Amino acid sequence: MEKQNTGVFLKVVELGSFKKAADALGYTQAGISYIINAMEEELGVKLFMREYGGVQLTTEGKALLPLMKQINNGCRLLKEKVNDLKNLKDGTIRILSMSSTMIYWLPSIIRRFHDDYPDIHLDLTLCESRDEAEEILYSHEADCGFLTLPVKKALHIEPLLEEPMMAVFSPEHPASRLRKFPIADIGRYPFISTPYDQHTELYDFFKEQNASPNTSFTTDNDYAVLAMVSQNLGYCIFPRLMLENVPFPLKCLEFDEPVNRTICLGTRSLDECSNATLEFIQYTKVWVSEHYR
């Protein structure tokens, strides 16, 4: 298996093109083609279908994809562990985040961490699907990540902050005069939504409250939702963290019954974390405790 370059294989899968993979990895296109051809020759199967404008996995390539990810993750963990044993202060931490923590927490946490460890590279990935995020962490495709409880997978969890979910209105909306928003009125007014399915926090919220929103608009951009709410086109529901420093005139109400979410930092196992990842986890816990006492 000495000719197997799983990192190149996975980058081609991700980008769907030898040329794009070459640009991303600093290879020539011919070099990428040579590596893939060598892998196919040694394995005795075709991994990619070459098409005009790109490539796609063959049936055999799709079958081998999960194993390629495992091998690649294993090689990365081995390298990180060797670095730890040598007391090196470099390496990469792959961090998974939802949009609220990506926007409002990570820039400040990373600034502090980078000041002390400038040679450690941080690779950030945005993921809003709860199930997908847990699977990525469990399979070692990320080193640590921000999640909300409850968590289904057997992950190590560090609870960070419990915060309320908020109903958000324009100041002109009739509900904005209320002290708290009744859960029973969730379906009463036009609702502006981000896309949600059974793997998202919003879906869980409506399921737990046995409520059905009266959706009038849907967009995949949180700030677009808030902008439309500010124009009194409907209302939305967001966690309080997502409403910090919003540049729109809004009225944010808690519900008449407590509705909270708990943000946590998860990893597959503290025993399997690199020293750099353990240090980042500690920096995150300290930063959150300082800002949300």
Side-chain angles (χ1 to χ4, degrees), residues 1-16 18 20-22 24-27 31-48 55 57-97 117 119-127 129-147 151-158 265-282 284:
M1 296 292 290
E2 61 188 24
K3 296 181 181 178
Q4 303 311 308
N5 192 323
T6 55
V8 169
F9 173 86
L10 293 174
K11 185 59 68 173
V12 173
V13 173
E14 175 188 350
L15 300 178
F18 285 1
K20 291 179 180 178
L25 296 174
Y27 286 79
I32 294 290
S33 182
Y34 175 83
I35 290 170
I36 296 299
N37 286 339
M39 292 178 69
E40 291 176 331
E41 180 179 350
E42 185 169 359
L43 292 171
V45 296
K46 208 73 173 173
L47 298 174
F48 292 96
V55 296
L57 282 172
T58 62
T59 301
E60 293 81 3
K62 291 177 181 178
L64 292 173
L65 179 59
L67 184 57
M68 292 289 191
K69 289 182 177 180
Q70 291 179 28
I71 294 171
N72 190 67
N73 290 332
C75 291
R76 181 182 61 82
L77 290 171
L78 176 62
K79 182 179 178 181
E80 289 177 354
K81 183 56 67 175
V82 170
N83 282 347
D84 284 347
L85 294 173
K86 293 179 179 178
N87 294 315
L88 297 180
K89 295 296 184 182
D90 60 6
T92 297
I93 308 173
R94 297 186 296 180
I95 304 166
L96 202 63
S97 180
Y117 300 100
D119 295 326
I120 295 178
H121 176 71
L122 303 179
D123 185 359
L124 309 180
T125 300
L126 182 67
C127 181
S129 168
R130 280 176 154 180
D131 289 355
E132 183 181 354
E134 290 183 31
E135 181 59 37
I136 289 172
L137 290 170
Y138 190 76
S139 62
H140 280 306
E141 293 180 52
D143 299 299
C144 61
F146 293 92
L147 305 164
V151 173
K152 301 173 186 176
K153 292 280 188 183
L155 301 172
H156 175 84
I157 297 299
E158 298 278 354
L265 191 61
T267 188
R268 170 68 179 263
S269 166
L270 289 181
D271 292 336
E272 298 174 1
C273 286
S274 66
N275 286 339
T277 301
L278 291 173
E279 191 73 354
F280 179 82
I281 291 172
Q282 185 62 28
T284 299

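Quick caveat: nothing in here was measured; it's all calculated off a predicted structure. As a basis for the values below, the full set of heavy atoms in this structure was taken, side chains included, without hydrogen atoms, waters or symmetry mates.
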Asker: Are Val8 and Tyr27 side-chain neighbours, meaning at least one heavy-atom pair lies under 4.5 Å?
Answerer: yes

Asker: Of the non-hydrogen atoms in Leu137 and Cys144, which two are nearest, and what is the gap between them?
Answerer: CD2-C, 3.4 Å

Asker: Are Glu40 and Ile36 close enough that some pair of their side-chain heavy atoms sits under 4.5 Å apart?
Answerer: yes

Asker: So how far is it from Leu64 CG to Thr59 OG1, rounded to the nearest 0.5 Å?
Answerer: 11.0 Å

Asker: Can you tell if the side chain of Arg94 reaches within under 4.5 Å of the side chain of Thr125, non-hydrogen atoms only?
Answerer: no

Asker: Rounded to the nearest 0.5 Å, how far apart are CG of Leu65 and OG1 of Thr6?
Answerer: 11.0 Å

Asker: Would you call Ile35 and Phe18 a side-chain contact if the rule is heavy atoms closer than 4.5 Å?
Answerer: no

Asker: Between Ile157 and Gly266, which heavy-atom pair has the shortest distance, and what is it?
Answerer: CD1-CA, 3.8 Å

Asker: Between Glu158 and Leu270, does the side-chain contact (heavy atoms from CB on, under 4.5 Å) criterion hold? Intermediate values first, please.
Answerer: CA-CA 11 Å; Glu158 298 278 354; Leu270 289 181; 4.3 Å; yes

Asker: For residues Cys127 and Ala133, report the shortest heavy-atom separation together with the two atoms involved.
Answerer: SG-N, 3.8 Å

Asker: Roughly how far, to the nearest 0.5 Å, is the OG atom of Ser274 from the CZ atom of Phe280?
Answerer: 11.5 Å

Asker: Mind checking the CD-CD spacing from Gln70 to Glu141? Nearest 0.5 Å is all I need.
Answerer: 9.5 Å

Asker: Grab the two heavy atoms, one from Lys46 and one from Thr58, that are nearest each other, plus how far apart they are.
Answerer: O-OG1, 2.5 Å

Asker: Just wondering, do His140 and Arg76 contact through their side chains at under 4.5 Å, heavy atoms?
Answerer: yes

Asker: With Ile95, which of Asp143, Thr277, Leu122 fulfils side chain to side chain contact (heavy atoms under 4.5 Å, CB included)?
Answerer: Leu122

Asker: Can you tell me how far the CD1 atom of Ile93 sits from the OH atom of Tyr117, to the nearest 0.5 Å?
Answerer: 9.5 Å

Asker: What heavy-atom pair brings Leu10 and Lys69 nearest, and what distance separates the two atoms?
Answerer: CD2-CG, 3.8 Å

Asker: Quick one: does Phe146's side chain get under 4.5 Å of Leu96's, heavy atoms only?
Answerer: no

Asker: In terms of side-chain geometry, is the basic nitrogen of Glu135 or Lys153 positioned less than 4.0 Å from the acidic oxygen of its partner?
Answerer: yes

Asker: Write down the atom of Ala24, the atom of Leu15, and the distance for their closest heavy-atom approach.
Answerer: CB-CD1, 3.9 Å

Asker: Where do Leu278 and Gln282 land on the side-chain contact (heavy atoms from CB on, under 4.5 Å) test, with the steps shown first?
Answerer: CA-CA 6 Å; Leu278 291 173; Gln282 185 62 28; over 6 Å; no

Asker: Rounded to the nearest 0.5 Å, what's the gap from OH on Tyr34 to CG on Asn5? Could you check?
Answerer: 12.0 Å

